[in-house]
Amino acid sequence: MNKRWTDFKNSADYRFVPYIMAGDPCEDATIELSLALEECGAAALELGVPYSDPLADGPVIQRAGIRGLKQKMNLEKTIKLVSKLRERGLKIPVIIFTYYNLLLQLGENRFISLAEENGVDGILVPDLPFEESTYLKEMCSAHHLALISLVAPTTHKEKLHKLAKEAEGFLYCISSLGVTGIRNEFRDGLNDFLKAAKENAAVPVLVGFGLSNREQILQFEGTSDGFIVGSAIVKKIEAMEKELISDREEAVKEFKHFVESMLPVYSR
Amino acid sequence: MNKRWTDFKNSADYRFVPYIMAGDPCEDATIELSLALEECGAAALELGVPYSDPLADGPVIQRAGIRGLKQKMNLEKTIKLVSKLRERGLKIPVIIFTYYNLLLQLGENRFISLAEENGVDGILVPDLPFEESTYLKEMCSAHHLALISLVAPTTHKEKLHKLAKEAEGFLYCISSLGVTGIRNEFRDGLNDFLKAAKENAAVPVLVGFGLSNREQILQFEGTSDGFIVGSAIVKKIEAMEKELISDREEAVKEFKHFVESMLPVYSR
Amino acid sequence: MSAAIVPDHRGRYGDFGGKYVPETIMFALEELEKAFEEAMKNNDFKKLFQKELAVYSGRPTPLTLADRLSETNGGAKIYLKREDLNHTGAHKINNAIGQALLAVRMGKKKIIAETGAGQHGVAAATVAAKYGLSCKVYMGKEDIRRQALNVFRMKLLGAEVVEVTSGSQTLKDATNEAIRDWVASVEDTFYLIGSAVGPHPYPKMVKNFQQVIGLETMDQFSSESGGDLPDAVVACVGGGSNAIGMFAPFIEKEVPLYGVEAAGKGVETDKHAATLSKGSNGVIHGSLTKLLQTDEGQITEPYSISAGLDYPGIGPEHAYLHEKGRVKYEAVTDQESLDALKLLCLNEGILCALESAHAVAYSLKLAKTMDKDKTIVVCLSGRGDKDVHTLMEQAEGGITHE
Amino acid sequence: MSAAIVPDHRGRYGDFGGKYVPETIMFALEELEKAFEEAMKNNDFKKLFQKELAVYSGRPTPLTLADRLSETNGGAKIYLKREDLNHTGAHKINNAIGQALLAVRMGKKKIIAETGAGQHGVAAATVAAKYGLSCKVYMGKEDIRRQALNVFRMKLLGAEVVEVTSGSQTLKDATNEAIRDWVASVEDTFYLIGSAVGPHPYPKMVKNFQQVIGLETMDQFSSESGGDLPDAVVACVGGGSNAIGMFAPFIEKEVPLYGVEAAGKGVETDKHAATLSKGSNGVIHGSLTKLLQTDEGQITEPYSISAGLDYPGIGPEHAYLHEKGRVKYEAVTDQESLDALKLLCLNEGILCALESAHAVAYSLKLAKTMDKDKTIVVCLSGRGDKDVHTLMEQAEGGITHE
Ligand SMILES: Cc1ncc(COP(=O)(O)O)c(C=O)c1O
Ligand SMILES: Cc1ncc(COP(=O)(O)O)c(C=O)c1O
């Protein structure tokens, strides 16, 4: 594990991991937004890659993908974007969030070397379940990249234990069934699920899928080590699309303000 | 057989039997047209009854039927119209041309008595073949009405002989397959058919269906005793519909002129 | 009841039937009758007919227990004889195959047919293509407009569709026109009639070719029930071919039979096609039967939401069975049939023809008067794909329960 | 060829297949696999499935010799396996019945399905009505517009049709959306996939429910020929369910097999759906297979005149059979399929689906290269009623031979 992951692991904070789509609304904006998120206290960053068929995503992130595709953003460019982020001083772990088909076309080996070259820390493939990930997992391990595991409330107990034990970077606990997107309520039994995850995980356990405000986030404080916010942030970016292009500095300020307003106070 | 039929039979002329639709374009016109036809030399008159489903008729007579229906002409009124013709001095035999359903609704017995009362001489039912006509034939015989028999080129020889022998009034030989209407050509073998009819018939043998000009009419002079003209006459009436209502006297003159122009000279 | 053998040699069913046609085609009816009777005595022909029904049209069609429908409705169990699964989607093809094979046997190269909604026209065009015959289909101008899809299908199948502009420009007039054509072309042309109507021997012949429905049903019901007969049999009646085919083997049994006519907007209105309920004796298309007409004998235009029941006459054998009391004829409205169609869809996943829905509607009523251990067989004469446009219009027009 | 047993325990057909789905639904795939394998060992279930195919869908469907078509075309004799005669008009119902029965067995009360032109949607809505399940069908907005009749039918059958506005608003997106729904509702919902695609065990299961096509064909051909096998078997390939069902029992025999893809306006253009001819390895809808995509891996929109072949992927077993060389995959253009459809209409009186017309078109070419005493069986996967609108538009647009 690299230093960024060690720092991430050792943090005492309730970890905030935001998701944004590369190229939404343009590559330069993605850079500024990433840096702003770190300033807001992000403990790591998930960088989505635009895809034609994002079957784990809800409408908000689907639309972000369409914007990214219009910018001709792709997996290779997204990886290379990370090196620009590093040049600008980004210190937190960056995870590439990509569907498996994009990875397959780039080539898993090429991905690994590009990721190493460009300062990527991990990869998350929402449609590559544990059962299909043997090769990628080995390759990632060998090159000190974290292949982020997802576990769901529907994951069998034994599998959950195993995935938790083997998890690298962090363990992504899906807080609700369904695709990404803003939720109003979370399911019963979620706490048991998180408890089981935490008991077995050697890495921080984060919850994600559907968190959109401070209240919801606080709800998991006792049972998890951090949280992932995607759609709520992407939705704000969507609302500010024009400004992020025409008047970026001001827009990024407003964006930071928005992000801070949804975070628990001590995370700032 | 009544005197009108005897005269019809004894005539030395090449007999002209026109068909017109009762009530086309109105009852009064039918009266004038009938008298005019007699003046033109008609040896008998076929008076059609408007019917909703005239399946033996072509478009010209179908349209005449529609005009007749609009005038609320029906079988009973058509029969009664004959007595008006008699009052006006019409001397030739009048044959009611009606589909069987109209007859059935009026009642065959009632038809017979009405026909007797009103000076009708015969009836022709195009959709009542010999096989279905036993009762009507008996009734007609008993009341000195002629049930006109039709024979077609497709009629089996034996049947043709039988029908010819039993025919009353005249024997109607269908000159061509198909429904009523104007024809340009007649079939081969027609002469053989007419010959067989004449050899067996005790009454005059007439040809009909599709005759529309002097040339065609003359074609059958040697093989038949007369001819029936329907569509060609009805078509003229259709063309003169307005005038026959608004300026009847003049119109009937023109009509006579037209009829004469199509007849063989000696029939005048 | 001990029935006289009908039709007699003159094609009479009691008072009904006969041959009321122009002399020109009398010989063709005789020729047809002879050819038909001969064919029916010929085992090769009969085997060929059975084989074509099987390998071409997919017979036997199944007998499906409509268990959820029966349950929802309450009362007797309803079975569906699935004529909707035939090639081209209705029982019409049974008859079309039979007549086409006969035409081929008689050496005819041309067929003509009449059609209303286009179902029989498609069946006729289909068998013409199959057996290499030329085909002309007469269809009212008004129907051509309403049924553009079927017109296109007939043309795809190589048939000529002749627009009929006479009279009311619908089925009755198309039939007149087909007969007019036949009168002119009778020497080399076979007139393929679409229902158990027309002059003798058509009603007899059509029944013969359609009785496979009833024969299969009897067998299937018997194997399902261990030798029993159903407690009632129901079929819709337009011209009456599916009904007479279904009833055929049951007539001499003690099974109550029900023919269902179209009551349209109600038999008390002038918008219906309930020939037996409201008609009187008359001659239509060559046959003496019951029909809808004025006092004077002008044939009136019938009405039904289902084009296939929208006929002012009825096959003469039905008029006879009605008079004898052997079959009960009931009438069902547009709305009742629409409701039945929807209920069948929702409970069995079967979209039936609007014609057939009349039979379903009546069987639902009947079932309610019968015990749960009783059984009704309904002839599901056709599928409803052809009616989806009508149903959509209804849905948009927002027909409500009156 | 001695084939490895496919799929292996991971659902792999060589390199292809697998389960590329979000972790949330992995348990459901396992549950499904278990239930399916159990059911397949259960004689009652198997009998029930066979019975429903027979009494509800009208199986066996016939094998029809297209003698006039073969004659006109010249060369080998062409037989048609008549899946068009199934209830709802295509082979799709075989699979829908199988999966619905499995859903009932698993105690699920809800099904979801994706649909393109609406054929599988109608099949799913049908079995849902039949077995008392609630049903949601995902359908692209664009397809909803183009297929209003099928949308109405699904609603009549009680299904909810969910408009999909994501992506290109067609089948691929409807499938994404159905998977998204399933991810959210997986605990009480059965996802009824419409073709031999998707994550394991779907391709295996769909093949299993569709193999009745091939099994019947083999029997029927054997009785007809006195024990022989056909000299070639042809089927169209969209997702690949009718083809894999037809091929199933023939794969281990020495019979040449041909899968026919849609070449649209030509495989050299960008308007086609020829996945195997022009695609590359990739993951779509949970399965590693061949698909149409950009170099970067964005899935591209396929094109075909026939909605059912208009899919950018293909079932993984076909990708495998292609790679092994056991099945030859050919592509046929819009125009060739239209011509074949018309020829079949004119010569056999059968209006087949545009999908099936692709198979017919290829078999006509193939037949010409074979002797008159050779035989080809074509899977006539569905009827063409659904395509009449498209055909009319084509006729009006006056497509000409390019
Ligand atoms: C499906 C269906 N059922 C019934 C009928 C009525 O005809 P028949 O009374 O001859 O069975 C038709 C006529 O077109 C039809 O298409
Ligand atoms: C009639 C017909 N044939 C073929 C197909 C293609 O599907 P598959 O390749 O799964 O058989 C479809 C799909 O809708 C269809 O409707």
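Because only heavy atoms are used, hydrogens play no part in the values below, and waters and symmetry mates are left out as well, while side chains stay in. Letters go in sequence order (proteins before strands), and every chain restarts at 1.
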Using a 6.0 Å cut-off, check whether atom [atom1] of [X] has over 12 heavy atoms from anything other than its own residue.
| X | atom1 | value |
| --- | --- | --- |
| D:Lys108 | NZ | yes |
| A:Lys137 | NZ | yes |
| D:Lys110 | NZ | no |

For [X] against [Y], the heavy-atom pair lying closest together:
| X | Y | answer |
| --- | --- | --- |
| D:Gln293 | A:Asn101 | OE1-ND2, 2.8 Å |
| A:Ala152 | D:Glu23 | N-CG, 4.0 Å |
| A:Pro129 | D:Val21 | CD-O, 3.4 Å |

Which residues share a side chain to side chain contact (heavy atoms under 4.5 Å, CB included) with A:Ser141, sequence neighbours left out: A:Glu168
Side chain, backbone, both or neither: which part of [X] has an atom under 4.5 Å from a heavy atom of chain D?
| X | result |
| --- | --- |
| A:Leu69 | side chain |
| A:Val125 | neither |
| A:Pro153 | neither |
| A:Leu75 | neither |
| A:Leu106 | neither |

A:Gln105 and D:Asp295 side chains, donor-acceptor separation under 3.5 Å: no
Donor-acceptor side-chain pairing of D:Glu187 and A:Thr154 below 3.5 angstrom: no
Going by heavy atoms in the side chains, are [X] and [Y] under 4.5 Å from each other?
| X | Y | value |
| --- | --- | --- |
| A:Tyr51 | D:Ile299 | yes |
| D:Arg10 | A:Glu131 | no |
| D:Glu296 | A:Lys72 | no |

Once rounded to the nearest 0.5 Å, what's the spacing between atom [atom1] of [X] and atom [atom2] of [Y]?
| X | Y | atom1 | atom2 | answer |
| --- | --- | --- | --- | --- |
| A:Asp127 | D:Lys19 | CG | NZ | 15.0 Å |
| A:Gln62 | D:Asp173 | CD | CG | 8.5 Å |
| D:Trp182 | A:Leu177 | CH2 | CG | 12.0 Å |

Members of residues 24-40 of chain D whose heavy atoms come closer than 4.5 Å to chain A: D:Thr24, D:Met26, D:Phe27, D:Glu30
Close contacts, residues 278-287 of chain D versus chain A, judged by heavy atoms under 4.5 Å: D:Ser280, D:Asn281, D:Gly282, D:Val283, D:His285
Check: A:Asp57 main-chain N/O paired with D:Arg180 side-chain donor or acceptor under 3.5 Å: yes
D:Arg12/A:Glu132 salt bridge by N-O under 4.0 Å criterion: yes
By salt bridge (charged side-chain N to carboxylate O under 4.0 Å, His left out) - contacts of A:Asp225 (at least two apart): A:Lys198
Selection from A:Val151, A:Ile174, A:Leu102 maximising heavy-atom pairs under 4.5 Å formed with chain D: A:Leu102
